[in-house]
2 protein chains.
Amino acid sequence: MPAKVTPLGYALLGLLRGEPRSGYALRKVFETTLLGNYSSSPGSIYPALKGLEKAELIAAEPIARGNVFSLTPMGREALDAWLTAPAQGEPADILMLRFAFLQELGRPEVTRAFLISFADAARGSRDGIRAFMAGDIGPSMPLQSRLAVDFGLRNVEAQLAWAENALKQLEDHWSQNAPQTGG
Amino acid sequence: MPAKVTPLGYALLGLLRGEPRSGYALRKVFETTLLGNYSSSPGSIYPALKGLEKAELIAAEPIARGNVFSLTPMGREALDAWLTAPAQGEPADILMLRFAFLQELGRPEVTRAFLISFADAARGSRDGIRAFMAGDIGPSMPLQSRLAVDFGLRNVEAQLAWAENALKQLEDHWSQNAPQTGG
DNA sequence: CCAACCATGTAAGCTGTTACATGATTGA
DNA sequence: TCAATCATGTAACAGCTTACATGGTTGG
C-alpha cells in the first residue's frame, strides 16, 4: 500500500512539483493565495512535511537556513496517481485543488477526463435532486424545506455549467496553442 | 459563557425542538434525510447527546427501552441564539441547516434577516472575486487558474440568486398565509 | 432457534487547529 | 539595541469517523 496522503499532503506535493521550497516558503504560499482554506500556521505545515518525508515522498536538503523540500520519484508518482483519478467522492474544494494542479501536469487529456467525470457527477446529483423533488416526498415538503433542497440543486447546476464552460474554453485554448496533429 | 455547542450538537437540538426522541430515532433521521453529511453511526450521536445532557441543554427521560431526550429551557435558548445570529462565517452546509430549522421557529422576520445577511455576504464575496479578477494579478494568471477562481465565483453567484429567490417566495407565502396587519 | 432490528456505548484514530515556545538574522 | 521577519517546532485539543462490543426484543 503506497503510503496514505492527506489532503494537506497533496496540496504540499502539488506546490513542490515545480519548485522545491522551504516549509516557510510553503506557508507563505498558503497565506497569500487562494489556498487559504488551509491554515498557514506552523502547526499544520511542519508536521505534514515530516510525514511526507517519513513516507519518502519528499526529500529535505539543508540550506543556509532551514531546509528545502523537493519531490522524490515516489512523491511524483503519488501526486500523479491522485491527479489522474476520476473526479468523484472528494469535496469540491479538494477537487478544485486538483484542477489547479492539473495545469502543471501539462496533459490535456487528463484535464479533459477530469472535467468530463466532474460534469457527469454533477449531472447525476442534479438528476437525483430533481427526481426527488418530482417524486412522492418532495412536493409534500413545506416551502422552506423545498428551498433548502433548491439550494443544493442550484449549486450543482452552477458546477455543471462551470465544468461545461471550462471544457469549452480549454479545448479552444489547446487547439490554438498546440495545433500539431499528434504525439 | 453559555456552554459551547458543536455543529452536530445544534443539529440534534434542532431536531429535538419539535419532538422529543431517542438517540436511535435521531440516528434514523440522519440516515434517511438530507442531514446525511453527518454520520448516523452511534459513535457520533451518543457522545454528542451526552455532552448536551451534561451542559443541561437537553434532558433524558427513561422509557421502556432507552431514553427520550427533550430540550430544556436553556437548550431552547441556545438553539434560538444560534438560529438568530447573522448568516456569516459558518460553512454553507451549516447555514442551510440553520435555514431549515428556522422554519420551525415560526418567526418570519428572523428568516428574512437570515436571508438578507446571507445575500449580503454572498454579494461581498462575489464583488471581492470580481475585483480580484479585474485587478493586477487576476488577468495575468494562467487560464486554468482563472477557471478555478471562476468556479468559486459561479458558486457564490448561484447562492446569491438562491437567496434572492427564496426571499421573494417566502414573502409571497407569508403575505398570503398571514395577511393580518400586526402583532 | 436464528436473523433482524432496537438501543447504547467505548476505543482508537484522523485531520487539522490554536496557542505557545524557541532562536537566529536583518535592518532601522 | 530593538523590532520585525525567517524558520521550526511541540502540546493540547476539537470534532468527527470507523470499527468494535454488548445485549435485549421481535418475528418468521
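Note on naming: letters A, B, ... go to the chains in the order of the sequence lines (proteins, then strands), and numbering restarts at 1 for each one.
- What separates NZ of A/Lys4 from P of D/dT17 is a distance of 14 Å, to the nearest Å.
- Contacts with DNA chain D (heavy atom under 4.0 Å) in residues 5-19 of chain B: B/Thr6, B/Pro7, B/Leu8, listed by number.
- Taking the salt bridge (charged side-chain N to carboxylate O under 4.0 Å, His left out) definition, one finds that B/Asp93 meets it with nothing, sequence neighbours left out.
- Residues of residues 41-66 of chain B having a heavy atom closer than 4.0 Å to DNA chain D, listed by number: B/Ser41, B/Gly43, B/Ser44, B/Arg65.
- Atom OH in B/Tyr24 sits about 17 Å away from atom P in D/dG24, given to the nearest Å.
- Between A/Phe118 and A/Arg98, every side-chain heavy-atom pair lies at or beyond the 4.5 Å cut-off.
- Note that the first and last nucleotides of DNA chain C, 5' to 3', having any atom under 4.0 angstrom from a heavy atom of chain B are C/dC6 to C/dT10.
- The stretch residues 11-22 of chain A participates, sequence neighbours left out, in these side-chain hydrogen bond (donor to acceptor under 3.5 Å, both in side chains) pairs: A/Arg17-A/Asp80.
- B/Glu171 has no carboxylate O lying under 4.0 Å from a charged side-chain N of B/Lys168, or vice versa, which leaves the two without a salt bridge.
- Comparing B/Val68 and A/Ile94 against DNA chain C, the residue whose closest nucleotide sits nearer the 5' end is B/Val68.
- Ring planes of B/Trp162 and A/Phe151: perpendicular class, angle over 60° (limits at 30 and 60°).
- A donor-acceptor pair under 3.5 Å is absent between the side-chain atoms of A/Glu157 and the main chain of A/Arg126, judged by distance alone.
- Rounding to the nearest 0.5 angstrom, the gap separating the CZ atom in A/Phe114 from the CD atom in A/Gln88 is 10.5 Å.
- We find that B/Asp150 and B/Arg154 are joined by a salt bridge, their nearest charged nitrogen and carboxylate oxygen being less than 4.0 Å apart.
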Could you list the donor-acceptor pairs under 3.5 angstrom formed by side chains in residues 46-65 of chain A, with sequence neighbours left out?
none

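- Between B/Ala119 and B/Ala163, the shortest heavy-atom contact is CB-CB, 4.1 Å.
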